[in-house]
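Notes follow the structure.
Quick note on labels: first sequence line is chain A, next is B, and so on, each numbered from 1. This structure is a prediction, so every number in the text was calculated from the model and none was measured.
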Amino acid sequence: MGNYTSSILKTSRIRPDGIEKVTGKLSYLTDLQIQGMLYGKVLRSQYPHAKILNISVEKAEQLPGVKAVITSKDVPGLNGFGLIFPDQPVFCDSVVRYVGDAIAAVAAITPEIAEKALHLIEVDYEPLPVIDDPEKALDPSSIPLHPNGNLLHQASYVNGNVHESFPHCDVVVEETYQLPRQMHAYMETEGGLFIPEEDGLSVYAGTQHGYKDRFQLSRILDLPETEIRVVSSPMGGSFGGKDELNIQPYGALLALKTGCPVKIHQSRRESVCAGIKKHPMKITVKTGATKEGKLLAHQVRILADTGAYATLGPAVLDFAVEHAVGPYVIPNVETHGFCLFTNNGVAGEFRGFGGNQITFALEGQIDRLADQLGICPLEMRKRNLRKPTDCGPVGQEIAPTNGDELVLKEIAHSPLLKTEKAHKQDSWKKVGTGVALTMHGGGLGFGRLDPAGGKIALNQDGKIQIMFGFEEVGQGLLAVIETLTTKAIGCSTADLEIVIGDTDKAPHSGSSTASRGTSMVWHSLERLKGPFIEKLVTQASAISDYPKEQLVLGENGVWLCENSEEKLVVTYKQLAEEKTVSVETQFDFPTTPNAIPGGHFLYSFAAVAVKVEVNLVTGHVKVIDIDQAVAAGPVVNPIGYLGQIEGGTIMALGYTLLEEAQMEEGRYVTNNFDSYLIPGIQDIPASMHVRAIEDLWEGDSYGPRGVGEIGTIALAPAIARAIYEATGHWVTKLPVSRDEILQSRERI
Amino acid sequence: MMKKQTIQQEHVFEQQLINISLCVNGQEQTIEVEATKRLVDILREDLQLTGTKISCEIGRCGACSVMMDKKLVNACLIRAYQVNGKEIMTIEALSQNGLHPIQNAFLEEGGFQCGYCTPGMVMAVKALLDEHPAPDEEQILQALSGNLCRCTGYSGIIRSILKMK
Amino acid sequence: MRTLETKVWSAKDIYEAWEIKASVKDSSVFIMGGTFLQTKWENGVQYPDHLIHLGEIKEYKQIYSLQEHQVKTIHIGAFVSLAECHKHPLIQNDCSLLADSIGTIAAPAVRNLGTIGGNIANRIGDSIPALLVLDAEVLYFDGNEIKRDSLENWLKQKEDSLLLEIIITEQKASVQSHQFANKVGRREAFTASVVTIAGRFSIEENGVSLILAAGGGETIPRRLRRTENLVNHQDIETIPLQQITGELIKEYNPIADAFFAEDYRRKVAANLFMVEWEKWREKHG
Ligand SMILES: Cc1cc2nc3c(=O)[nH]c(=O)nc-3n(C[C@H](O)[C@H](O)[C@H](O)COP(=O)(O)OP(=O)(O)OC[C@H]3O[C@@H](n4cnc5c(N)ncnc54)[C@H](O)[C@@H]3O)c2cc1C
Ligand code: FES
Ligand code: FES
């Protein structure tokens, strides 16, 4: 055991937030408490779909200790929110569309009283038929959940002609893949503290984009954005799940209504019920190839269950459509995606962003074709791989890259692929191995507002402040900022002060999502370092009379660097006493020049090899070894990089084998960690290895790519392939059903 | 068909208050609390010890792990009436004299990311090492089986423990 | 669930516990570690108006052994924590089947709180199948007197009683015996049981002997007597294995949930039985 290794040289410093985290001293925003604060609670719907006939709050208001009960009548601005369009009511007053819909909120002097008050709010419902399946939603006879019907978004990509080319294929494989509703399961549930201020409101609540929350809250509260301060970091995990607003509107409204600070911290049950999830998808694919193993045609239909409201549903679908052919060249492609409203839990942003689902289908097809053609799966992939300067998957111009080729070559050397397949001890255990490949776009893509930026300053105390509007969700962004800044500027960590996640202090940097954080910090510094260093050395030169060409920034101040002589010329503190300095930059995340909505420009790659053991007594699949190669540019922070890949991999293991936020008729069956099972320490393989490929294509000037998502994509199809090798059964539905495995054995 | 949300019968419950004495991180505390108040709330709210986290509230994640009379327990499952006279140790006690070796190992080997499971995880590792100073594979896997971590995938945590061997 | 609207009573001894129970008008329940009860409440079962806490009772907190009629008996106090039970040398050495099954319950922190009495008294605890195979007896207080009976009988009782001790009589050493207790959960550890099956094969003078018990999830564990009878007194070489697993599948009556159907559970129980059978055959030729 404990064989968890990597090719990455470990040189990391201890991460800046480390000591506070391991000692328990770090105050998360849900740990904050202040004198006189009230406790907020939200009343959620009793029905997945119903008309609201009446709401009466009098009894709740009369309960001693209750300070406010609010409903839609108390929303001064827009009664709606949503990252793309605000179709989710802050409070429902005429119809509820899922069990997480809010109807009222209470502030009281204790959490117990607030809870009790919720039970005293009387709501009369008229239940409506529940649309719990996207196929049903698509049926024209179903009742429309929104004014424009049940089709939230449709996206397509067509190239060549699949219908004409299928007859020319030597083999054609057709399959339907079903992917589950995964829960982010961040350990810290949503919550925070809301403090009314003389000139507005302070919001201390985790999110992945503080400025966006400020914008959305300003619309709801009808307050100018400048009167709202959002402190959004640190967070006990997010994985995409806290990007959309959650409890913020309620905390904010209650605080403004009562004039008191209000704390809300959702219970796990509330979090499950109201929180967003990963999109369940049903993907039907028909793929054809020649007997030489050349892919000719690929036809894809994606049906995504987006639940009751839009949030980022359209963007997730676009991403899945874009990645339908992954890193392969297929001359004829036809992809149609449909994102449908249902009365199920809301689906939205989730680490992987549609990539997990579509890659499971794509890699599944490649494996099935390879199997039918008798071609080695690795070879099959190699034969169809794009060339480094080829276009992207939807024919768009992208930054040239051979990451796919490199990871594939690397994984071919994996020792686990050469292991003995027969099980040594137990005749009822079967062993199999599998490989899969993925290509994953970074940033939000073409046509989406994706501004980034940062600021660097020498402040009055002589500290170099580096400021980004990003959040620390656990991904190690602080360590990335520290590493990149000290390297770019030349100062030491002690000279540095990092400011993030506070709209009053940090500039706009865009969202901490889409694997863009690391990349955007690097890009910002590329722009900031020149002018900032120039300003400081000019100033130092004026003070010291040394020519500025001989001056560099270093530990504690500006140094003379001439021939072999090195000496401190002037400290940052001295410089700051003369004059403070600041440099700011704003730019957009690089996107493809082609007008393809959501089309990406920068991609990262991963190839995974996995070994599983299938227990034929119980149908249980145990992953025993994982080896993976990742190409995402230079490694900025070794421990952080490894942690993202390993952690993402185990999240993917859960997705493949364990996790599903199961719903029955629009209600969650899995309400807490007793029934929603994420992997525990005994579920992880005894051995894992990560190989980082840092090379970029010659002339690539885009620096390190993020690795937040790439580790979560390729494991599922690799496991499916390994199960096939072990049992002869192709899995098409996740999480893998043990019952199905047992039944498949009976058929043989 | 119309459905009324049923309303619980309104009856006023007089909370039963009890006096409890307990020793938390070496300090004697005597407090008056509701008899069924949870230890995790007493720690976080009455004693301002927010290092102990809360995540599932039903003993299913280990974020609230503390030691009671030198044994690892879930502070969300224990109520005031069960803690009178007990000795409680929380994450805050571990670094009273500088970083504990477990904490150093977590820092060096990437035993945490978001850090939310970390206090509970560190306490569980402490309980493990108190019992087995040089734990084997089976012992590590057993000892940490009740502590969930969503960020690290556990490998960094296992590396941290192996490093201390 | 935060602070409850319930009154807590603490009993000095079992008699006082019983008196309190008899004296309170509204709903009440005995509570030890509370680990099982709290899980129920969180999942929507209404908690009672009174909790009668047994944790202060000084007796029935030991594990010890006695010689009774020349055989060794092991006595486990009902208020002993699962963790203590798991680690105790008497259990580790003389009742390893029980030790193994306790090792699969919850996780260490929960086992430090939960008790063996609470595990049995909740009727679906994972320790029960192993205890049934060990032919355990219990000592209990029914409000009038302290009685001793087999665990199997006690589990069938409808009336309230207080469990005081679990008594295990040391098995005659049988050279060719093989015992097992398997729990299959939804993940590797720290999970509710889907199927729990325990058993013991041995060769007695009059042929093969089998004791078999199964439970899992919400299924109340019980002995599978019809399956046992098919095996007992048979010649090991001529035992009709197919027929036996067929009977097991009929006799085992698991309760389904949102995750696993009855059929799956039956199949797994039968498969586990077969594997153990093979292990036994291999072990003893
Ligand atoms: C996170 C978690 C995981 C769990 N996992 C498992 C598992 O894997 N397997 C498993 O079997 N259980 C599991 N449990 C349930 C529980 O922990 C165990 O069954 C434990 O043994 C119960 O003991 P307790 O002292 O806490 O019982 P309590 O909750 O106090 O009581 C349980 C029931 O027994 C009654 N009772 C208690 N003591 C006595 C007595 N001496 N005489 C008569 N009646 C009594 C009570 O009235 C109550 O009805 C889990 C619980 C939690 C919280
Ligand atoms: S909060 Fe106590 S175990 Fe999860
Ligand atoms: S570090 Fe985030 S849950 Fe463990």
Side chain from CB out, backbone as N, CA, C, O: work out which of these in E664(A) comes under 4.5 Å of a heavy atom of chain C, or both, or neither. side chain
Is it the case that atom NZ in K7(C) sees more than 12 heavy atoms from other parts of the structure closer than 6.0 Å? yes
Could you go step by step and tell me if F190(C) and Q682(A) meet the side chain to side chain contact (heavy atoms under 4.5 Å, CB included) rule? CA-CA 9 Å; F190(C) 197 36; Q682(A) 297 195 23; over 6 Å; no
Which atoms of A192(C) come close to chain A, meaning under 4.5 Å heavy atom to heavy atom: side chain ones, backbone ones, both, or neither? neither
Which region of I681(A), side chain (C-beta onward) or backbone (N, CA, C, O), has a non-hydrogen atom less than 4.5 Å from a non-hydrogen atom of chain C, or is it both or neither? neither
Say you draw a straight line from CZ of F260(C) to OG of S737(A); how long is it, rounded to the nearest 0.5 Å? 7.0 Å
Within a strict 4.5 Å, meaning less than it, do heavy atoms of the V617(A) and V184(C) side chains meet? no
Flag if over 12 foreign heavy atoms under 6.0 Å of CD, Q33(A): yes
Quick one: which of T618(A), L657(A), V669(A) has the most heavy-atom pairs under 4.5 Å with chain C, could you say? T618(A)
CD on E188(C) to CG on L658(A), rounded to 0.5 Å: 9.0 Å
If one checks every heavy atom of N671(A) against chain C at 4.5 Å, the contacting part turns out to be neither
What's the spacing between W428(A) CH2 and M274(C) CE if we round to 0.5 Å? 11.5 Å
Straight-line distance of E660(A) CD to F259(C) CZ, nearest 0.5 Å: 9.0 Å
Looking at R187(C) and P679(A), would you say the former's side chain and the latter's main chain have a donor-acceptor pair under 3.5 Å? no
I'd like to know if the side chain of R269(A) and the backbone of E42(C) have a donor-acceptor N/O pair within less than 3.5 Å. yes
S675(A) and R186(C): which non-hydrogen atoms are nearest, and at how many Å? O-NH1, 2.8 Å
Within the structure provided, determine whether E112(A) and E5(C) are in side-chain contact (heavy-atom separation under 4.5 Å). no
Rounded distance [0.5 Å steps], CD in E115(A) versus CE in M1(C): 8.5 Å
A side-chain contact here means heavy atoms from C-beta on lying under 4.5 Å apart; do D674(A) and N43(C) qualify? yes
Quick one: of N672(A), T110(A), D739(A), who has the most non-hydrogen atom pairs under 4.5 Å with chain C? D739(A)
